[in-house]
Each structure stands twice: as structure tokens, then as C-alpha cells.
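Read through the structure below, which is laid out as C-alpha cells, and then see the notes.
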There are 2 protein chains.
Amino acid sequence: MQTSQRLDQQQATENRRRELLEAADRVVLRDGPEASMNAIAAEAGITKPILYRHFGDKSGLYRALAKRHTDALLDNLRTALDSRSARRDRVEATLDAYLTAIEARPQVYRFLMHPTEDADAEKGFDTRRYSAPLLRRLGEELAKIIAERLDLGPNGEELARVWGHGIVGMMHAAGDWWLAERPCERGQLVAHLADLLWGRLAAAGDVPGSPGF
Amino acid sequence: MQTSQRLDQQQATENRRRELLEAADRVVLRDGPEASMNAIAAEAGITKPILYRHFGDKSGLYRALAKRHTDALLDNLRTALDSRSARRDRVEATLDAYLTAIEARPQVYRFLMHPTEDADAEKGFDTRRYSAPLLRRLGEELAKIIAERLDLGPNGEELARVWGHGIVGMMHAAGDWWLAERPCERGQLVAHLADLLWGRLAAAGDVPGSPGF
DNA sequence: ACTGCGTGTTACCGTAAGTAACAAGCAGGT
DNA sequence: ACCTGCTTGTTACTTACGGTAACACGCAGT
């Protein structure tokens, strides 16, 4: 009968796809995001056209690859956010989880955050096409959580989305810089960022004689 | 005499360089950051090798181009930060200046924020090579201002740097998302972000029955 | 006249993305 | 047995881009 046949086939190609993604992963981890399709195909023991059949084009492959890692990272962050403790502790745990992840595997992180652009550019320039997909997704995800757990009054939906993207951006930029310069311990960075979110910027005093801030 | 000669010549090549940069600017504004060296050369009415003589390689040209725009943007932000008013007003003015800039010229913004990577990758992967130069520079600049104007106690230097990069990242990510989705007016976005920096996240109440945040 | 230097060219190389076009294995139906 | 259709795989190609070599012109100053 052909229906279970079809299912077998479907599963087979999905397995194949998974294998290819794992090979691509190895190459990207080794060579960075600029890995060529040829190199990836070679690692998988095959040649280019098969990759193209499975993933359409390079950005397709990279999207699939990014999804895997993003899903994994999001899981980590969610469990950190769901720990049963005070809000500040949860926020710090989440920041820490993110920083731990990018510290442990900077190549993956670089790949996710600075992807090679699609560059099809269909019509003029579509701004939404040109942003790091991980950033956006994290932002939306955080926005959802904020919106459903915090009482932000009217306009809360909008506020939550702005905050979601803003916080994720803060975390990303600070993490990026920290990873490059290593100016302090991870725990320090987490504390500093939490302080910022907790309004210490607004509360700080001016330096006497300065034009003020 | 050769000394004034030398000066004339030097100025001449600098003028030429400026012309080339302006041509490159036009192309990048038209075609986006993926503009080819050929296209830029054509726009300037010349051919590739001259570009390479002036700028070394593509990333050299792009660095020069980015510097112009970054300088201009930084000027705007600085004057916004220097306005004589309450801290919150100044912060909002700065956010607004940034958002106005990226709104007015999204192509420039895209070029600055999502640059094509250097990818020489000398030794393994040097993380600091792979980040948007504008973000870093803005972060450092803001850190300097924060450090010199706010009294942050011991560790203030480090705190200021973390905050500088964090705030810039927040502004960037939120702006990026806002530019793509246009979920609200600019003024709204500014207010929301300022609220976040002013600690409203910490102060908000839990939704009753939620796992908390 | 010769030298030096900056401007400009054409023609080329290497590499990478992406695409035919074709070959082989393996179901199932007749 | 034979054909059909589908998936997997190949080789060989095109196109485009970054970058470079080699050469030619113009134009100061000695």
C-alpha cells in the first residue's frame, strides 16, 4: 500500500535532512558562517546539488540551521525565566543563561547573530529581511512572556513588545561586547545589566560640576 | 618648490577620495550594502582598480563610508544629550534623535548596522572583528559620557561601559524592530523605552494567577 | 630628455552560488 | 519481463564578484 510507503519516504527524507544539517553544523562550527556550500556538501559526503534540492538555497540551509539552535537556546531561556523565585533573580538567571550559552559556543552565536544576508532584495529594500532572525524571535518571545505575566495597564501589549525587543537588544549588544573584550566576570555583567533594568540609571546622582545626565 | 606641491597633491587625492565616497554613498543608498565594487566604480565613472588603490579593499571602502555617517549621527546624538533639561528629557531626546535618523534614511542605517563581514578571519575567529562597528562605537561613546557625568560609586567605570553598550543595544534592537513593523508612533516608542530604563519593569505588578515575572 | 607619480585602462585569476543534464537504483503496475 | 516514476547522486557549466597584474597616459620637477 502506498500511504505508509509515503510516510516511510517522508521520514526517510527528513532523516536525511537531519543528517545534512548535522554535517552543516560541524562545518559552520569549524569554519564559521562563511563556510561554502561545497565544504558543507563535502563534509556530508555528497555534492552541492543535493543540498540545493533539500534547502533551496544557502539562506534556506542557514535558516534551518539557525532554527535548531534558536529552539535550543529558547528552551534554556524559558526554563531560566520559569524558575520559582523573585523577579530580579529570574531576570538575572535568564541573562546568565544567555551569556553562558554564547560564551560556551561563540561560533554558533556568531552564526546566529551575524548571518549572511539573504540579499534577494526582491523589491527595493525590505528592512525586515535584513535583521538577525534570532534577535527578532527572542524579542517576540520575551514580549509574549512579559505581556502575559505583567500587569502593565492599558497599552500593555505594545509596551511589552517594545520592552521585549529592547531587553533582548540590550542583552545582545552587551554580550557581544563582553565576549570580545572580557572586561569582567559574567556575574558582574549580569548584575550590572539587572541594575540598569532596575532603574539605577534614573536614580544615580550627577557628578558635581558636570553638565548633567 | 615641492612642499606646497606635496600639499596640493595630498589635497587633490583627498578630494578625489571624497568624490569616490560620495559616489559609493549614492550606490549604497540605491542598491543597499550588497552593492558591488563594479557598480560603485561605474557610478564614479571609473573602474575597479582605482577604488582598490584608494581604499585597499572593500571593507576599507565600507569602513570609510561608515565613518562619515557614524560621525554625523554621533554629532546629532551628542547635541541631544547635551540639551539643558532634566535627565529623562535628555534621554528621550537622544532616543528620538536616533530613531529619527534611522527613520529618515533606513538604507544608510541598514548599511551601518549590518555590514558585510571582513572575513579575513586571520586566526581562528576573532569575535571582535565580527560586530557592527557603529554599535560598538556608539556604546563606547555613551559609556564615556555616562562615566563622566554620573556618580556611580566604585566600579563606576565598568558599570558605565556595560550600560553604554546595553542601552545602545536596546535602542538598536527596538529601533530595528520598530522600523520593520511600525507598531506605534515614534514618540510612543521613545516613551516606552525611557520607561524601561526608568525601572518600570521592576515596579510593575504581576498578573494575578500567572507564574510571576 | 628622463624620472617619478598619480590616474586610468583591459584582461585576467580564484572562488563561490546556483543550475542544467544526465545516470543509477528501486518501488509498483501492466 | 518491461516500462514508469521518483529519489539520489553525479559532472560540468554559467554567472558574478572580489581582487590583482600589467600596461598606458599625463604632467609636475630636475
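Reckoned from all heavy atoms, side chains included, excluding hydrogens, waters and symmetry mates. We name chains A, B, ... by the order of the sequence lines, and we start the count at 1 in each one.
Going from atom CD1 of B/Ile40 over to atom P of D/dA16 covers 17 Å, rounded to whole Å. Going from atom CG of B/Asp31 over to atom C1' of D/dC17 covers 14 Å, rounded to whole Å. Atom pair A/Met37:CE and C/dT19:P shows a separation of 10 Å (rounding to whole Å applied). Atom pair B/His54:NE2 and C/dG8:P shows a separation of 7 Å (rounding to whole Å applied). One atom, NZ of B/Lys48, and another, P of D/dA21, lie 13 Å apart when rounded to the nearest Å. In this structure, CG of B/Leu20 is placed 9 Å from P of C/dT7, rounded to the nearest angstrom. With rounding to whole Å, A/Leu61 atom CG is found 13 Å from C/dG18 atom C1'. Per the geometry, CG belonging to B/Leu51 stands 13 Å off P belonging to D/dT20, to the nearest Å.
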If you apply the rule side chain to side chain contact (heavy atoms under 4.5 Å, CB included), what do you find for B/Arg87 with B/Leu150, and how did you get there? CA-CA 11 Å; B/Arg87 187 182 298 171; B/Leu150 281 191; 3.2 Å; yes
Check the pair B/Phe111 / B/Tyr62 against ring pair (Phe, Tyr, Trp, His ring centres under 6.0 Å), numbers first and verdict last. CA-CA 9 Å; B/Phe111 165 70; B/Tyr62 276 37; 5.1 Å; yes
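For B/Arg182 and B/Trp178, the positive end sits near the middle of the six-membered ring, less than 6.0 Å away and at most 45° from its axis.
No side-chain heavy atom of A/Leu142 sits under 4.5 Å from any side-chain heavy atom of A/Thr94.
A sub-4.0 Å separation between OP1 or OP2 of D/dG19 and a side-chain N or O of B/Arg53 is absent. OP1 and OP2 of D/dT7 both lie 4.0 Å or more from every side-chain N or O belonging to A/Arg17.
The side chain of B/Asp57 lies closest to D/dG19, out of D/dG19, D/dT10, D/dG18. Each of D/dG18, D/dT20, C/dT7 was ranked by its minimum atom distance to the side chain of B/Lys58; first place goes to D/dG18. Considering only side-chain atoms of A/Tyr52, the nucleotide from C/dG18, D/dT10, C/dT9 that sits closest is C/dG18. Here D/dT11 is the nucleotide among D/dT11, C/dT19, C/dT9 with the atom lying nearest to any side-chain atom of A/Thr47.
Closest approach of B/Glu157 and B/Ala147 over heavy atoms only: OE1-CB, 4.4 Å.
Residue A/Ile50 is classed as a base contact, given a heavy-atom separation below 4.0 Å to a base.
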